Each structure stands twice: as structure tokens, then as C-alpha cells.
Amino acid sequence: MQARCRVMLTVLLLTACLGTLISGCHQLGFPSFEMPSFFDKEEAMRKNVREAIKGENGHSRLIGDYIKIVDSTEGYIKVQGVGLVDRLDGTGEDPPASPYRTMLLDEIRKYEVKDPQTYLRSPNTALVIITAYIPPILKKGETIDVEVMLPDGSEAKSLAGGWLMPCHLTEHALLGGQVRDGKDLAVASGPILVNALGEDDASSSSLRRGRIPAGGTYVGDDRNLIVAIRSDYRTVRMSSQIANRIGRRFHDYDEHGIQRKLAEAQSHAHLDLIVHERYRDNYSRYIQCIRHMTLSESQVEKHLRMQQLTEAIKFGPSAEKAALQLEAAGPEGIPILKEGLSSPMLESRFHAGVALAYLGNADGVPALKEAADKEPAFRIFALAALAALQDGKAAAALTDLMNHESTETRYGAFRALSTMAPNDPAVRGVEMEGNFSLHPVNSAGTPLIHVTRFKKAEIVVFGADQKFVTPMFVRAGTRIMVQASPQGNEIVLKRIVANEEPQTKTVSTSLIDVIQAASELGATYPDVVEMLVQAKRQHNLPGEIAVDELPRPGRQYKRPVDEYALGDSSSASETSESVQVGGEGLTPNLFSDEPEGEVQTSIPKAPSKSSSNNEHEDSSDLFIK
């Protein structure tokens with residue numbers, strides 16, 4: 001007991017001495033100091049947020065430096081299923097016993113097929129694996145592309161001429177021959193366009209795989225984006241600040257006409273983001289625009305920033321970022337963007353025109369048309385911006401571009417105009433009985449036929465008055481023969497099928513007439529594409545045939561020396577470099593064909609409220625990848 005008292009007395013004396021020493025040092029002019037306290041993470045985070053909102057201590061003023069679009073909502077979702085292909089010409093098989101066959105029989109029974117076992121044994125049917133990729137920003141009822149392939153070990157020889165019977169696609173992959181149940185996200189069916197588009201590439205492997213453009217219908221919930229806030233800024237104040245800032249700039253109206261903000265804070269760690277309708281065909285631009293919004297700024301700060309942007313928009317190397325900030329600012333950025341249209345630099349005019357288009361202003365249409373016409377690196381983005389405008393000037397520009405000498409420009413302009421105004425007389429098509437659309441285009445360019453394997457089944461005939469060159473004999477599938485008359489002034493189409501009366505149609509040599517007649521006789525989209533490819537190889541077409549000729553992102557733009565040197569030869573070598581325009585993840589979804597970036601094998605889930613209680617979780621930990 002006495003020892004313990006001695007220890008306590010010693011501690012008290014040392015504490016008193018230390019206090020006297022600190023007090024004495026302070027009186028003598030030495031700096032005082034405090035004992036380090038426990039580091040308060042929550043207080044540090046609140047301090048970060050206060051400084052970020054005010055732009056203090058080196059904190060960025062832009063929203064993009066504090067957020068990340070969650071990969072699981074921006075990526076594609078892979079769905080699969082087992083299906084049955086019918087209408088084959090003896091190239092199918094009776095599939096062996098397997099989990100796939102069991103699943104297929106269960107699927108067939110849903111449609112009340114009599115004696116499904118006998119149906120499967122037919123050489124005109126085959127079991128196939130169906131795969132589709134559900135893109136971001138998809139609404140229930142919209143279509144997706146479908147891939148079809150024979151499973152490993154299948155003895156079926158070809159899917160040519162086949163028709164996929166309706167089947168359901170689920171969110172789980174088919175792995176190791178094991179079929180796992182999952183939520184139905186799509187229903188697929190339709191005629192199969194095999195990978196072999198003609199005799200030259202008709203290898204066994206290319207006949208065993210194919211696709212159905214827009215052959216799937218999405219039946220899941222609407223897909224929107226989730227925005228995660230950086231882990232060191234996750235507070236309710238920051239989440240609300242970002243959501244309100246985005247909501248003031250982007251909103252729409254519900255069914256009752258009440259204004260609805262397109263961003264909503266769900267927790268301190270994340271918010272839901274709906275894509276504005278104007279950006280629906282280029283949602284990556286929407287994300288770029290949001291990233292270039294300011295968290296907050298005073299009127300004086302905004303005035304000074306706008307003055308800087310007035311100069312930046314006129315100079316090519318700084319024009320892109322300036323245009324995005326002005327677009328993010330909303331209508332008040334329009335006058336400055338219009339000044340960018342007067343720049344002698346195409347790069348500046350292009351970026352100003354793009355931003356104006358997404359602000360709903362058509363003054364930049366001439367600059368966008370010029371960019372699509374003259375510069376391949378700008379083309380895809382210029383066409384996407386024109387498609388975002390519901391304006392007669394944009395429609396006229398796209399109509400003119402369909403006369404361009406470049407195939408990708410002609411079809412890119414068609415895709416843009418048919419998306420913006422599908423009933424415009426310049427692009428309006430006719431729905432054919434074979435599950436495709438036919439679009440005659442009065443084009444002044446060289447004769448061209450364009451067919452697609454992605455997003456939609458359509459045939460675009462640039463030069464509506466094109467005629468087949470005779471003599472000619474081709475097939476539209478295995479059931480329809482297409483032959484020129486002896487005089488060469490007519491085309492005779494004959495459908496011959498076992499147990500059916502032969503059917504015959506005689507039409508002119510016009511491409512449009514022949515395609516329509518073939519469809520009326522039962523030719524599907526793959527049948528007509530095959531007919532056109534054969535005709536091209538036999539020199540029966542007056543022009544070219546192109547497949548999926550689309551403009552691409554990520555091309556190099558070489559800045560002209562005379563525009564950037566500013567009279568200084570030394571700076572010319574520094575400023576005339578090539579720069580990449582766009583890249584992976586920035587392809588406007590108007591023109592995308594295959595999935596980019598991460599692919600999910602299961603439907604992503606939003607974080608629960610309990611999972612986001614930890615202020616310092618990584619954004620990657622919040623969401624199922």
C-alpha cells in the first residue's frame with residue numbers, strides 16, 4: 001500500500017513539473033504545444049467537405065473530382081439461356097442427354113408443344129446457347145442483340161436459315177455444363193444471321209455461330225446509373241450538395257407534369273442518376289457534362305470563370321474542357337459557346353457546336369456538319385450531337401451528309417437522322433414480313449447498300465432507283481430462287497418447299513421491288529442479306545454493299561500547323577501534334593455495336609442502407625461487381 005502511494009505521489013509531482021515547464025516556456029516566448037488528441041475521422045471528413053464546397057486549400061471546384069459512376073451500373077450485364085432453332089435444312093441434330101437438353105425440354109413444354117422429344121429428334125432443329133449483353137440505360141421493353149451458337153460437341157453442321165424459337169435469358173451464365181436458375185431479364189427469338197455472309201467465309205465455325213440483331217426484348221427493371229462519392233468525402237451534406245447541384249441543371253417532368261430532379265441522394269455514400277432524354281443516345285457525354293459542373297461558386301467567381309472560358313473556347317487545345325464546362329453551366333453558357341463558333345480553328349468550332357447541340361441550340365449545326373464532312377476523328381461525335389437536336393437544320397445537314405463519298409459518313413448520317421426523326425421522308429422505311437426494315441434513300445452519291453448485324457435488322461439502299469444487273473441467278477435462303485427473265489428486263493422469284501404449292505412472283509429489276517417480293521414469299525432478313533451478297537459476288541449490283549460501316553471513336557486528330565503556331569515556327573512543332581479524340585467508354589451508344597468495358601454475370605444491386613454506414617468503405621466495396 002505504501003509503495004502504491006509513493007508511485008501516485010511521483011506521478012503527481014512529474015505532472016506538476018511538466019505543467020510548470022510548459023507555462024514557463026510560454027512566458028519566455030517559446031511556442032506552446034498541446035498533447036496530440038485522438039484523430040477524429042468524421043471531423044476530418046466534414047472538414048474535407050467544407051473545404052471542397054468552398055474550393056479552399058487546393059480542393060477542386062468540379063463535381064467530377066468527388067464522384068465515380070459505379071462500374072456495375074455502367075457496365076453490361078451478361079445473360080444466357082438454352083434455346084431451340086427450327087427451320088434448318090437438315091443441318092440440325094438430336095441433342096444428347098445433358099442438363100441443357102433437360103432445360104430445353106422444360107422450355108418447350110411451356111409452349112404446349114406436343115411430343116417435344118420427337119420434335120427435338122428432327123434434323124431440322126438444333127439446341128443452341130443464347131447469349132446477350134444488356135447495356136446500361138435500358139428501359140423495359142427495349143430490344144437488344146442476341147448471339148446464337150451451337151454448344152461444344154454438337155454434331156449439328158449449320159445454323160443457316162434457322163429461326164430461334166422464343167426462349168428466356170437469365171442473369172446467370174451457363175458454366176461447366178451446369179444450368180443455374182436466375183431471374184429472367186430478356187426474351188429472344190427470330191431469324192439467325194450466321195457469321196458467314198457468303199461462300200468465301202462459309203467455314204464450319206462461322207456457320208455454327210450467328211446473331212439476331214435486336215432479337216431480344218428486355219423484361220427487367222429500367223437500368224439507371226448509381227454515383228458513388230469518394231470515401232473521404234462521404235457525408236450527408238456532400239451527397240445532398242451534389243444531388244441538388246445536378247438536379248438544378250437536369251430535370252424532367254412526371255406523368256402529372258410535376259418537375260422531377262434527375263439525381264437523388266440515397267445515402268451519404270451514393271445517389272441515383274437518371275439520364276436526361278437528350279443524352280439518351282450518348283450517355284457518356286452526360287457523365288462528362290456532370291463531371292464538369294461546379295459544386296458551388298459565388299457570382300463573382302462565376303463571372304471570372306466565364307471570362308476565362310470565353311478565351312479558352314476559341315483555342316483548340318483548351319476548347320474541349322471549356323465547352324464541357326459551358327455545357328454544364330446550362331443556358332448561360334450559350335452566348336460564350338457561340339463565340340467559339342467564330343474561331344478560325346475547326347477543333348474549337350466542333351467542340352462549341354457539340355456543346356450547343358446538347359443545350360438544344362442549333363447555331364452550331366454548320367460547324368458539326370463541317371466536322372463530320374472533313375475530319376474523321378470528329379465524325380462520330382458530330383453525328384451524335386446532330387442526332388440530339390430536334391431541329392430542321394440538323395435534319396437538313398444529315399440529309400446532305402447521306403450524299404457523302406465516305407460509306408461510314410453516309411450510313412452514320414442515316415443512323416443519326418433515323419434515330420432523331422424516324423418518320424422523316426428522307427429515311428422512312430417499310431417494315432418487311434421477314435423481320436427487318438427496308439429504307440430506300442434518294443442519294444446523289446454512288447450506289448450503295450448497307451446492312452447491319454447490330455442494334456437493328458435493316459437494309460438501307462442509297463440510290464432508291466438501283467437495278468440488278470442481268471443475267472442473274474441467286475437464292476434468298478434455301479427455299480427461294482431469284483432469276484432474271486430471258487429478256488433481262490424482269491426478275492422471277494420462285495418459292496419451292498416440300499408439301500407446299502410452288503409460289504411465283506415476277507417484278508421489275510429494281511432492288512426495292514425484288515427485296516419486297518422476296519419478303520412476301522417468306523424470305524427473312526438473313527435470306528435477303530445472303531441474296532444481296534451473292535448478287536455482289538456475281539457482279540449483279542451496280543454499286544457496293546457494306547456491313548456495319550460505322551464511324552469510330554479514338555481516332556487521331558492532327559492539329560494544323562498554321563492554325564496553332566500563331567506565327568512562331570518554334571511553337572508550331574509543339575502544337576501540331578496528333579491528339580486522340582474520344583476513346584474506350586466514350587462511344588456514343590447511338591453507334592456502339594459490341595459491349596465496352598466491364599461485363600457483369602449477375603444483375604447489380606444497389607447498396608443497402610446498412611452496408612453504407614461505414615464512412616470509409618471503398619466505392620468498389622459498396623456494389624456487387
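Excluded from the calculations below are hydrogen atoms, water molecules and symmetry mates; all remaining heavy atoms, backbone and side chain alike, are included. Keep in mind it's a predicted model, so treat the numbers as computed, not measured.
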### Task
Decide side chain to side chain contact (heavy atoms under 4.5 Å, CB included) for Leu398 and Leu383; before the verdict, give the C-alpha distance in whole Å, the side-chain angles of both, and the deciding distance to 0.1 Å.
CA-CA 8 Å; Leu398 291 168; Leu383 292 173; 3.8 Å; yes
### Message
Set out, in order, the CA-CA distance, both residues' side-chain angles and the distance that settles side chain to side chain contact (heavy atoms under 4.5 Å, CB included) for Val227 and Ile242, then state yes or no.
### Response
CA-CA 10 Å; Val227 177; Ile242 293 175; 5.6 Å; no
### Task
Determine, stepwise, if the pair Gln466 / Leu541 fulfils side chain to side chain contact (heavy atoms under 4.5 Å, CB included).
CA-CA 8 Å; Gln466 288 188 56; Leu541 294 182; 5.6 Å; no
#### Entry: Thr294 and Glu301: CA distance, side-chain angles, deciding distance, side chain to side chain contact (heavy atoms under 4.5 Å, CB included) verdict
CA-CA 11 Å; Thr294 54; Glu301 290 171 330; over 6 Å; no
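The closest donor-acceptor contact from the side chain of Ser519 to the backbone of Ile515 lies at 3.5 Å or more, if one exists at all. In this structure, the side chain of Arg223 engages the main chain of Thr73 through a donor-acceptor pair within 3.5 Å. Between the side chain of Gln580 and the backbone N or O of Gly582 there is at least one donor-acceptor pair closer than 3.5 Å. In this structure, Arg428 contributes its side chain and Asn423 its backbone to a donor-acceptor pair below 3.5 Å. The main-chain N or O of Val547 is never found under 3.5 Å from a side-chain atom of Tyr411 such that the two would form a donor-acceptor pair. For Asp373 (side chain) and Lys369 (main-chain N/O), no donor-acceptor pair under 3.5 Å exists by modelled atom type. A donor-acceptor contact shorter than 3.5 Å links the side chain of His276 to the backbone of Arg278. Formation of a donor-acceptor pair under 3.5 Å by the Arg211 side chain with backbone atoms of Asp145 is not found in this model. Using modelled atom types, one side-chain atom of His292 and one backbone atom of Gln288 make a donor-acceptor pair closer than 3.5 Å. Here the side chain of Asn403 pairs no donor or acceptor atom with the backbone of Ser443 at under 3.5 angstrom.
In this pair, Tyr525 and Phe436 present their aromatic rings tilted. The plane angle is within the 30 to 60° band. Between Tyr66 and His59, the ring planes are parallel. Angles under 30° get that label, and only those over 60° would be called perpendicular. The aromatic rings of Tyr557 and Phe378 sit tilted, their planes meeting at an angle between 30° and 60°.
Counting only heavy atoms from C-beta outward, the side chains of Arg559 and Pro317 approach each other to under 4.5 Å. Counting heavy atoms from C-beta on, the side chains of Ser343 and His351 never come closer than 4.5 Å. Within the 4.5 Å cutoff, the side chain of His439 has heavy atoms near those of the Phe414 side chain.
By the 4.0 Å N-to-carboxylate-O rule, Arg349 lies close enough to Glu370 to be salt-bridged with it. With salt bridges taken as basic N to acidic carboxylate O contacts below 4.0 Å, one links Glu277 and Lys139.
Heavy-atom contacts from other residues, nucleotides or ligands closer than 6.0 Å to NZ of Lys536 number more than 12. With a 6.0 Å radius and a threshold of 12 heavy atoms from other residues, nucleotides or ligands, Glu544 has its CD atom at or below the threshold. Crowding of Lys140 atom NZ: a count of heavy atoms from other residues, nucleotides or ligands under 6.0 Å not exceeding 12. Other residues, nucleotides and ligands contribute more than 12 heavy atoms inside 6.0 Å of the CD atom of Gln259. Taking a 6.0 Å sphere around CG of Asp65, one finds it holds more than 12 heavy atoms contributed by other residues, nucleotides or ligands.
Taking CD1 from Ile67 and CG from Leu271, the interatomic distance works out to 7.5 Å, rounded to the nearest 0.5 Å. The CE atom of Met306 sits 9.5 Å away from the CD atom of Gln299 when rounded to the nearest 0.5 Å. To the nearest 0.5 Å, atom CZ of residue Phe381 and atom CZ of residue Phe591 are 10.5 Å apart. Remark: Ser437 OG to Ile459 CD1 distance equals 8.5 Å, nearest 0.5 Å. To the nearest 0.5 Å, atom NZ of residue Lys374 and atom NE2 of residue His404 are 10.0 Å apart. In this structure, Ser240 OG and Arg245 CZ are separated by 15.0 Å, a value rounded to the nearest 0.5 Å.
For the 3.5 Å distance criterion, the side chains of Thr524 and Asp527 qualify, holding a donor opposite an acceptor.
Residues passing the side-chain hydrogen bond (donor to acceptor under 3.5 Å, both in side chains) test with Tyr358 are Asn282, sequence neighbours excluded.
Shortest non-hydrogen contact noted between Arg415 and Thr419 is O-OG1, 2.7 Å. Minimum heavy-atom separation, Ile512 to Ala464: CG1-O, 3.7 Å.
With Asp548 as reference, Arg453 is the one residue of Lys455, His450, Arg453 to meet the side chain to side chain donor-acceptor pair (under 3.5 Å) rule.
Remark: aromatic rings of Tyr133 and Tyr76 are distant, center separation not under 6.0 Å.
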